[in-house]
Every structure is written in structure tokens, then in C-alpha cells.
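The structure appears below as C-alpha cells.
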Amino acid sequence: MPKPSPSSPPFSERVIAAVRSIPEGCVATYGEVAAVCGSPRAARGVGAVLSGRMEADLPWWRVVNRSGALTIPSHLGLRSLQRTLLEKEDVGFDVDGRVDLSRHRWTTGADEVD
DNA sequence: GCATTGACTCTAG
DNA sequence: CCTAGAGCCAATG
């Protein structure tokens, strides 16, 4: 009988690995990270994981929503922190406070056009 | 183990 | 292009 798949790490770990794989000066969307995790519809799950692993060595600030906007709770001051960190990473912001996804959109290289 | 919440995304207007 | 509503997934109590 098939063993309980020992090579199936939890989603959390996969999200951590995906986010950690994001190079400096680049940003990825929750849906992109979720897709790499195996669930393209688990965009919310990614946020849930990040909120619980933010204390780890995880560049959570490189993760933005599909519009490139920072959907992080501002009451914790994290929104300003993320924007500051991204600006320090050489990431540009739009006048609306959104990241230039056309310029910093990170991809896994699995489905790269061009 | 069920119910609620939340750093999302999609479709429709 | 922006707003509104519904759906999906995972974490937490």
C-alpha cells in the first residue's frame, strides 16, 4: 500500500520556499505564489501563511496582490514598511501606490513568454 | 473537527 | 478604469 507521501511538505513550507525564491528587486503576486504551491486559487492561503511566518526569514514584502497594490493591514504599520522595503530593493511605485508589475513581476520561469 | 476570519482573485455592472 | 458581490483556500480559536 502506498505510504503517506513523505515527499509532500505542507502548503506553509511550500509558500515559504516560493517567497524565499523571489530575487531582490522583484515582486510576486499571491496567486503566483499559490500557483507554485500547487493551488492557484489559494491566494488567500498564501496570505494566511505569511501572517504566521512573517517572523521567519521570509521576504513577505516582495509579495503583493494581483494589482501590485499592498493589501497588508495598515494598522500594524506594515503597509508603510513594505513600501519602504520595496523602494530600498530598487522597486518603483505608481502614483496610486502600486508596484510596477510590468517591471518587477517575478516569475518561476515555468511559463515564461518572450 | 466545526465555525470564523483574512496580507486574494474573478466576474459582472 | 473602478466598485460591488460571490467564491476559494488555509490558518486560527
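Naming: A, B, ... by sequence-line order, numbering from 1 per chain.
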Could you state the atom-to-atom distance from CZ of R14(A) to P of dC9(C) in whole Å? 16 Å
Who pairs with Q82(A) by side chain to side chain contact (heavy atoms under 4.5 Å, CB included), at least two apart in sequence or on another chain? W60(A), W61(A), V64(A), L70(A), I72(A), L86(A)
Hey, mind stepping through R62(A) and W106(A) against side chain to side chain contact (heavy atoms under 4.5 Å, CB included) and telling me if it holds? CA-CA 9 Å; R62(A) 286 180 192 158; W106(A) 174 75; over 6 Å; no
Counting N and O atoms only, with roles assigned by atom type, does the side chain of D100(A) sit under 3.5 Å from a partner on the main chain of R103(A), one being a donor and the other an acceptor? no
Closest-nucleotide 5' rank along DNA chain C - winner of G52(A) and A42(A): A42(A)
So the salt bridge (Lys or Arg N to Asp or Glu O under 4.0 Å) pairs with at least one residue in residues 65-80 of chain A (sequence neighbours excluded) are none
Can you give one letter per nucleotide of nucleotides 7-13 of chain B, 5' to 3': B if a protein heavy atom sits under 4.0 Å from the base, S if only from the sugar-phosphate, - if neither? BBSS---
Establish whether V49(A) and M54(A) are linked, either directly or via other cluster members, by ILVMFWY side-chain heavy-atom contacts under 4.5 Å. no
